[in-house]
Number of protein chains: 2
Amino acid sequence: MATIYEVAALAGVSPATVSRVFNGQNVSAEKAKRVREAARSLSFTPSRVARTLRMQSSEVIALVIPDIENPFFTSMARGVEDVAQAAGYSVVLCNSDEDHGKEARYLDIAISANMAGVILAAAGDNCDLSGLIERKRPVVAVDRSPHGFDIDAVTVENRAGGRAATTALQKQGFQRIACITGPRDVETATQRADGWRDAVRPTGPVEERYLKYADFRVDGGHKAMHELLEMAEPPDAVFVANNLMGVGALQVLSPRVGTAPAMGMAVFGDLPFAAMAPMAITVIPLPARHLGVTAAKLLLDRINGDDQPPRTIVLRNHAA
Amino acid sequence: MATIYEVAALAGVSPATVSRVFNGQNVSAEKAKRVREAARSLSFTPSRVARTLRMQSSEVIALVIPDIENPFFTSMARGVEDVAQAAGYSVVLCNSDEDHGKEARYLDIAISANMAGVILAAAGDNCDLSGLIERKRPVVAVDRSPHGFDIDAVTVENRAGGRAATTALQKQGFQRIACITGPRDVETATQRADGWRDAVRPTGPVEERYLKYADFRVDGGHKAMHELLEMAEPPDAVFVANNLMGVGALQVLSPRVGTAPAMGMAVFGDLPFAAMAPMAITVIPLPARHLGVTAAKLLLDRINGDDQPPRTIVLRNHAA
DNA sequence: GTTGACGGTGAAATCGATTTCTGACAGGGT
DNA sequence: ACCCTGTCAGAAATCGATTTCACCGTCAAC
């Protein structure tokens, strides 16, 4: 593993000069040429580790997401990547798997690897960003914004979207609308459920037994849907608060199409590779990619020294 | 950002002692306690960068995949992660986006960041691993194995799977079976097409016009399916060589169900969130997660000094 | 002809850990 | 009393870049 010293020795110059060649500083044409040749012949790759240690920062940003198997987050990741790459930054993806421990470990790595910044879709409301903040590493929250830290955030209109989805079901004539949402300690889950309550309240008492807290995953949606169907008086429609649980619910409902009374269904967030469901579904589209793009721009601004007070950007739930 | 020196000063010991405390070496109980307290009160996080520079390796492994939006690869990633985490390694995901340039950049980062190893699902057959190999960094190829480098690889039975899928269609009575496969420079694409040829040949001349090379993505499958349907004598069934193109083909075929003559369809790899297609589809299941698990184990072995000759492990296409 | 500015260069300090080397000291065996 | 072994701990070297500082020429200005 060739080092800058070996290159310097071969080219007959000092290490400082080699460094200058690679960082575009003034070096005489002739020495620059010798250095480049030496570097090539040794297949020299400058050590990012040494560079990062000296510079106290690297051109890598961490994107921490709770579920790498959810197309919503991967689509967001693509948005982040495109912006970051264009600005010369690399993105490393960290999958926290909805696990606070893993998440904390990745945040630790971001700190101790001197990463330039972090974009975080937190596993829960209570995550500890104090380490990053103390060290003045920029953090942008996306999709979900953690409690207790005043940082940049990019979110969507969760409550309004939940309301809109439920209202759409009402307009279709459904009377007993249930709601399957995510974990209680995740902001997007409670806000979307609040939207459901908003829409249901004017039509009568809010039936909390029609509200199921699940885990934002396929199996959770599956299980919750089953529970709803097994109730004494089952709902006639359901608002599902994210895409994967929507898939889970569909797995339950699809086989019943034609045999059981039709159920209404609305989903918050685009169904993955959809267009194949055997029933009409109301979808509140989610600008996943755009969330990523916006968060990445925000983060890059901070990295470049922008220090205005933290902003929260709320995107509309329009299709991109 | 507290350093080991500040901790040492506060605890009244030398930096060496602080290091020893955190690395489980012999230190008197009393000094160890002082060090821990000092570390806590300064919220000290040891710099991975400095550590990595000195140790010449880190506990991070890179997983480079060509398409983060393909559930096959994310499922594989989960397998890798689970094994790596259990062994104390962190995984960073790098999305090469089927782009050789980005891929090369990520491999460079793996080298210059002193990562412990790389698991690579290459964007194409011709990727340059010489940098990693020269520096003796372990690399494991997964799903696809690059040409010209003798390294560990974990693959599936592509040709046999392609043959099985096509044969299944024949057994269902289809006569003119087309094939939609991936790029010419991707091994899995050509091997699966070879399997198709194997099955078709005994029944008559291999109609190469029924073979479409696409890009392993939804849109590519969509476009290829369209082209097939517009032929003078369209096929009556299609074998699609990966999951996403299968989705694309389905997008074309689904609306025709009931109106046009039934088409047969077989797909190599599990359809994402499937079970919702309006037609029978033969699926050759792909042990995505298991691929990841196996690759990770192989890589960990290498990292731990195993230096037997490179192995290629071929997994069966059984459901996990 | 002196002064100043400026481009080019190398020596050496620096980033923050780990690790070798070395010495101090305690305890056990003869 | 002496030697040997072993534990504990600090000083200093090390990893490989970047960057400051100092110095040397050269050239233009006055």
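In what follows, every chain begins at residue 1, and chains take the letters A, B, ... in the order their sequences are listed.
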Using side-chain heavy atoms (C-beta onward) and a distance below 4.5 Å, is V156(A) in contact with P287(A)? yes
Given dG10(D), dA13(C), dT18(C), which nucleotide is nearest the side-chain atoms of R54(A)? dA13(C)
Nearest-nucleotide pick for S47(B), side chain only, options being dG10(D), dA17(C), dG16(D): dA17(C)
Reading DNA chain D from 5' onward, which residue's closest nucleotide shows up sooner: L53(B) or V13(B)? V13(B)
Could you tell me the separation between the CZ atom of R137(B) and the CD1 atom of I303(B), rounded to the nearest 0.5 Å? 9.5 Å
OP1 or OP2 of dG10(C) less than 4.0 angstrom from a side-chain nitrogen or oxygen of T17(A), does that happen here? yes
Under 4.0 Å, counting only non-hydrogen atoms across every strand here, what does F44(A) touch: a base, just sugar-phosphate, or nothing? sugar-phosphate
Are OP1 or OP2 of dG16(D) and a side-chain N or O of Q56(B) less than 4.0 angstrom apart? yes
Counting heavy atoms from C-beta on, name the nucleotide in dT18(D), dG10(C), dA17(C) closest to the side chain of I4(A). dT18(D)
Counting distance alone, no hydrogens or angles: does the base of dT18(D) have a donor or acceptor under 3.5 Å from a partner atom on the side chain of R51(A)? no
Without decimals, in angstroms, what is the distance between N23(A) CG and dT18(D) P? 5 Å
Hey, are Q85(A) and S90(A) close enough side-chain-wise for a donor-acceptor pair under 3.5 Å? no
Quick check on dG10(C): is either OP1 or OP2 less than 4.0 Å from any side-chain nitrogen or oxygen of S14(A)? yes
Between I4(B) and S19(B), is the side chain to side chain contact (heavy atoms under 4.5 Å, CB included) condition met? List the steps. CA-CA 7 Å; I4(B) 205 173; S19(B) 172; 3.9 Å; yes
Can you confirm if the aromatic rings of F44(B) and Y5(B) lie within a centre distance of less than 6.0 Å? no
Ignoring hydrogens and geometry beyond distance, is a side-chain donor-acceptor pair present between S112(A) and R51(B) at under 3.5 Å? no
Residue of the set E98(A), E103(A), E187(A) for which salt bridge (charged side-chain N to carboxylate O under 4.0 Å, His left out) holds with R144(A): E98(A)
Identify all pairs in which a protein N or O lies below 3.5 Å from an N or O of nucleotides 5-8 of chain D, and state each distance.
from   : atom 1 : to     : atom 2 : distance (Å)
dC8(D) : OP2    : N26(B) : ND2    : 3.3

Does any non-hydrogen side-chain atom of V80(A) lie less than 4.5 Å from one of V293(A)? no
Find which nucleotide of DNA chain C each of P15(A) and Q25(A) is nearest to by heavy atoms, and output the residue with the more 5' nucleotide. Q25(A)
Among dA17(D), dA17(C), dT20(C), the one nearest any side-chain atom of R20(B) is dT20(C)
Choosing from dT19(C), dA17(D), dG10(D), which nucleotide comes nearest the side chain of M55(B)? dT19(C)
R34(A) CZ - dG8(C) P separation (whole Å): 15 Å
Mind grabbing the angle between the end helix axes of the helix from dG1(C)-dC30(D) to dT30(C)-dA1(D)? Five pairs an end, 10° rounding. 50°
CD1 of I111(A) versus C1' of dG16(C): gap in Å, rounded? 16 Å
Do R289(B) and M76(B) have side-chain heavy atoms sitting under 4.5 Å apart? no
Here the distance between atom P of dT19(D) and atom CZ of F22(A), to the nearest Å, is 15 Å
Between dC15(C), dT19(D), dA13(D), spot the one nearest the side chain of S19(A), thanks. dT19(D)
Determine whether the aromatic ring centres of residues F216(A) and F72(A) are separated by less than 6.0 angstrom. no
To the nearest Å, how far apart are R48(A) CZ and dT18(D) C1'? 15 Å
